[in-house]
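These notes concern the structure reproduced below.
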Amino acid sequence: MTRLNILTLSGSLRRDSFNTALLREAERLSAVDRFDHFDGLGRLPHFNEDEEYPTPPAVAELRHRVQNADAVLIASPEYNASIPGALKNALDWLSRPAHDGGPVLQLKPVGVIGASPGPFGTVRAQLALRQVLHKMNARVVQQPEFLLFEAHQKFDDDSRLPDGTPAQKLLSELLDALAQLTSQPQQ
Ligand SMILES: Cc1cc2nc3c(=O)[nH]c(=O)nc-3n(C[C@H](O)[C@H](O)[C@H](O)COP(=O)(O)O)c2cc1C
């Protein structure tokens, strides 16, 4: 089995975020892959075309880590039926070419997951996120879709998905699909 380098991005800056907990759970579930959690979305400046160059250090770091990853896993909350501004800001930065290369998410395999305490499990945020990633020409896992509704009832006291639960099984399947997509040649 190939060992993947997976960069993870949580769209939530919240300390006790369900979405960040999902990413920790993904790492725990994965037997072989190496996870790199980028927790600097809050440090990225607001995107401004007037201040793109020289590249702000936090943006350069994110681009570098995306570039070094075989795949990216994004866990996003739903804010007002879309993705949080901090995540959209990061994606806007990543959509732009570095002065010495192209946009780093182009053709990158990406998995999309999300958790919400509400009944819809981030379905609208995921649609919005997929639309942005499609425009950026990322390669996004289509199936399975991982949506965790009523997330506050699904995690145990250690913020883990209990072993054997449907949510944990589905997250494993999503990781398998991401690995499979990563192993396929780029079109
Ligand atoms: C500004 C804002 C807007 C929100 N809008 C939605 C929404 O549209 N749909 C939803 O299911 N939850 C919504 N929520 C609730 C979030 O799902 C909830 O705060 C969740 O815990 C955020 O994810 P996190 O735990 O990873 O921080 C909203 C929360 C905030 C702060």
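Atoms within a ligand are numbered from 1 in the order they appear, just like the ligands themselves.
Residue-level contacts of ligand 1 at the 4.0 Å heavy-atom threshold are S12, R14, S17, F18, N19, P77, E78, Y79, N80, A81, S116, P117, R124.
The other residues sharing a hydrophobic cluster with L171 are L4, I6, F18, L22, L23, L29, F35, L73, I113, V141, F146, L148, F155, L161, L170, L174, L175, L178, L181, where clustering joins ILVMFWY side chains under 4.5 Å apart.
Within 6.0 Å of CD on Q131 lie no more than 12 heavy atoms contributed by other residues, nucleotides or ligands. Around NE2 of H152, the count of heavy atoms belonging to other residues, nucleotides or ligands within 6.0 Å exceeds 12. A 6.0 Å sphere centred on CD of Q180 holds no more than 12 heavy atoms belonging to other residues, nucleotides or ligands.
Closest approach of A81 and R124 over heavy atoms only: O-CB, 3.5 Å. Closest heavy-atom contact between A90 and L41: CB-CD2, 3.6 Å.
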